2 protein chains.
Amino acid sequence: MCDQCNYENLLSNADLVATTNRIQVLEIVGNNTFPLSAGDIYAILERTSSINRVTVYRILDLLVEHGVVDRISTGGRAFYYGIAPNEHHKPHPHFYCRICGQMDCLSPESVTVDIAPLLKTYPGRIEKVEIRIDGICKNCAKVGKK
Amino acid sequence: MCDQCNYENLLSNADLVATTNRIQVLEIVGNNTFPLSAGDIYAILERTSSINRVTVYRILDLLVEHGVVDRISTGGRAFYYGIAPNEHHKPHPHFYCRICGQMDCLSPESVTVDIAPLLKTYPGRIEKVEIRIDGICKNCAKVGKK
DNA sequence: ATTGCATGTGCAACTTAATTGCACTTATGG
DNA sequence: CCATAAGTGCAATTAAGTTGCACATGCAAT
């Protein structure tokens with residue numbers, strides 16, 4: 001997703017020791033142009049590393065907690081993970097294909113939001129705004145599944 | 001959620017036979033001011049009816065498929081269900097409290113969105129725009145959990 | 001170097017939410 | 001009244017994530 005990112009730095013900036021496992025997980029998340037599920041990430045890692053499934057979950061939790069990675073909910077049952085918004089990566093909406101489960105990043109400009117009225121009146125704490133477009137992606141639409 | 005709604009009509013308008021089970025499920029979804037999870041709905045029904053848990057899931061799937069009910073994803077692991085947008089119920093964003101899991105409906109005016117740029121350029125089919133605000137609700141914020 | 005912790009990882013078992021397969025029941029048209 | 005389809009129930013299974021506990025590793029203070 002990003003050339004400017006040094007993943008070890010990202011980790012230490014987030015007060016996290018840059019262990020091999022953490023770097024590997026973060027690399028996979030970061031080098032993808034679209035968010036991946038924990039299962040996806042584990043499947044990729046498993047091919048070259050002997051990391052445990054649970055460790056992947058725990059590292060993802062940790063990265064989310066420290067704001068390095070963003071947990072994105074889909075129209076499906078699993079969470080997806082992408083690099084958290086930062087100076088190089090503006091927050092942006094996502095598209096979820098209900099046929100193939102593929103999740104795409106949309107450009108930040110493709111959808112504009114104004115939550116000012118909410119901020120003025122909402123009595124709780126607002127931490128995150130998630131915008132997800134659901135539908136059928138180009139490929140699946142072509143195949144003609146309804 | 002609505003006084004104008006006759007649930008039996010809602011069902012038959014959606015080409016669904018108005019069975020007791022379906023009406024009961026739809027009533028619970030519709031009479032609530034906020035979306036409920038399938039588990040919540042089952043728990044409520046179970047007290048007065050002998051409906052099966054699986055039947056609740058199947059009815060909810062059916063209602064979603066026929067556009068009567070809206071499946072809303074949370075920042076958590078379960079789906080929530082609310083009456084689908086219709087003439088009486090405008091689409092609106094939701095607030096999800098990451099502490100207690102409570103999901104609230106926000107007024108349609110509290111957040112404004114413009115997806116025109118996306119509509120112009122996106123090559124797939126867009127079916128739904130979901131806006132979810134995550135954070136901590138008033139009550140949980142008061143208790144002081146971080 | 002040795003001890004003592006805290007942090008990180010692995011493994012097995014468990015939990016939650018949802019789904020599937022199949023049998024039984026009910027409603028409806030002929 | 002019968003045939004068929006639609007609706008429902010029950011048991012078993014799956015998917016995704018979580019927990020408890022043991023082992024490992026790194027580092028600081030002796």
Side-chain angles (χ1 to χ4, degrees), chain A residues 7-8 11-12 14-26 28-29 35-46 48-66 68-81 96 98-101 103, chain B residues 7-8 11-12 14-26 28-29 35-46 48-66 68-69 71-81 96 98-103:
Chain A
Y7 297 120
E8 301 191 33
L11 286 171
S12 43
D15 287 319
L16 290 172
V17 177
T19 67
T20 316
N21 281 340
R22 288 176 187 171
I23 295 171
Q24 287 184 334
V25 168
L26 188 53
I28 292 183
V29 173
L36 297 170
S37 71
D40 293 339
I41 294 166
Y42 175 61
I44 295 170
L45 266 172
E46 200 193 11
T48 56
S49 152
S50 66
I51 193 172
N52 188 270
R53 201 174 61 91
V54 178
T55 303
V56 174
Y57 278 112
R58 279 198 281 233
I59 289 177
L60 287 169
D61 285 348
L62 194 74
L63 296 180
V64 169
E65 214 175 287
H66 283 71
V68 182
V69 158
D70 197 16
R71 176 182 280 132
I72 303 152
S73 68
T74 66
R77 298 202 0 214
F79 292 122
Y80 279 49
Y81 297 89
Y96 176 74
R98 68 170 166 87
I99 305 292
C100 65
M103 188 150 224
Chain B
Y7 297 119
E8 300 192 30
L11 285 171
S12 44
D15 288 318
L16 290 172
V17 177
T19 67
T20 316
N21 281 341
R22 288 175 186 172
I23 296 172
Q24 288 184 334
V25 168
L26 188 52
I28 292 183
V29 173
L36 297 170
S37 71
D40 293 338
I41 295 167
Y42 175 62
I44 293 169
L45 266 172
E46 199 194 12
T48 56
S49 152
S50 66
I51 193 172
N52 187 272
R53 203 173 57 86
V54 178
T55 303
V56 174
Y57 279 112
R58 279 197 281 234
I59 289 176
L60 287 170
D61 284 349
L62 194 75
L63 296 180
V64 169
E65 214 175 287
H66 283 70
V68 183
V69 158
R71 177 182 280 131
I72 303 152
S73 67
T74 65
R77 295 219 275 137
F79 292 123
Y80 279 49
Y81 298 88
Y96 176 74
R98 68 170 167 86
I99 305 292
C100 65
Q102 173 76 265
M103 187 150 224

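This structure is a prediction, so every number in the text was calculated from the model and none was measured. In the text below, chain A, chain B and the rest are named by the order of the sequence lines, each starting its count at 1.
A 4.5 Å side-chain heavy-atom check between A/L60 and A/V29 finds at least one atom pair inside the cut-off. Between A/L11 and A/L63, the closest side-chain pair of non-hydrogen atoms falls below 4.5 Å. Taking the side chain as every heavy atom from C-beta outward, A/I44 and A/L36 approach each other to under 4.5 Å. Residues A/Y81 and A/P35 are not in side-chain contact: their nearest non-hydrogen atoms beyond the backbone lie 4.5 Å or more apart. Residues B/V17 and B/R22 form a side-chain contact, since some pair of their non-hydrogen atoms from C-beta on lies under 4.5 Å apart.
The OH atom of B/Y81 sits 12 Å away from the P atom of C/dA17 (whole-angstrom rounding). Atom C1' of nucleotide D/dT14 and atom CZ of A/R77 are separated by 7 Å, given to the nearest angstrom. At whole-Å resolution of the value, CG in B/N21 and C1' in C/dT25 are 12 Å apart. In this entry the distance linking CZ of A/R53 with C1' of C/dA12 reads 11 Å, nearest Å. Here D/dT18 presents its P atom at 13 Å from CG of A/L62, a figure rounded to the nearest Å. Atoms CG (B/N52) and C1' (C/dA23) sit 13 Å apart, rounded to a whole Å. Atom-to-atom, CG of A/L60 to C1' of D/dT18 comes out at 14 Å; the value is rounded to the nearest Å. Taking atom OH on A/Y57 and atom P on C/dC14, their separation rounds to 18 Å, with Å as the unit.
Note on A/S50: only backbone sugar-phosphate atoms sit closer than 4.0 angstrom, heavy atoms only; bases stay farther off. Here A/R22 lies in heavy-atom contact (under 4.0 Å) with sugar-phosphate atoms only.
Closest-nucleotide positions on DNA chain D for A/A38 and B/I51 were compared, and the one nearer the 5' end corresponds to B/I51. Comparing B/V17 and B/G39 against DNA chain C, the residue whose closest nucleotide sits nearer the 5' end is B/G39.
Distances shown here put every side-chain N or O of A/T19 at or beyond 4.0 Å from the OP1 or OP2 atom of C/dT7. For the pair A/T55 and C/dG8, the criterion of a side-chain N or O lying under 4.0 Å from OP1 or OP2 is not met.
Applying the 3.5 Å distance criterion, the base of D/dG9 shares a donor-acceptor pair with the side chain of B/R58.
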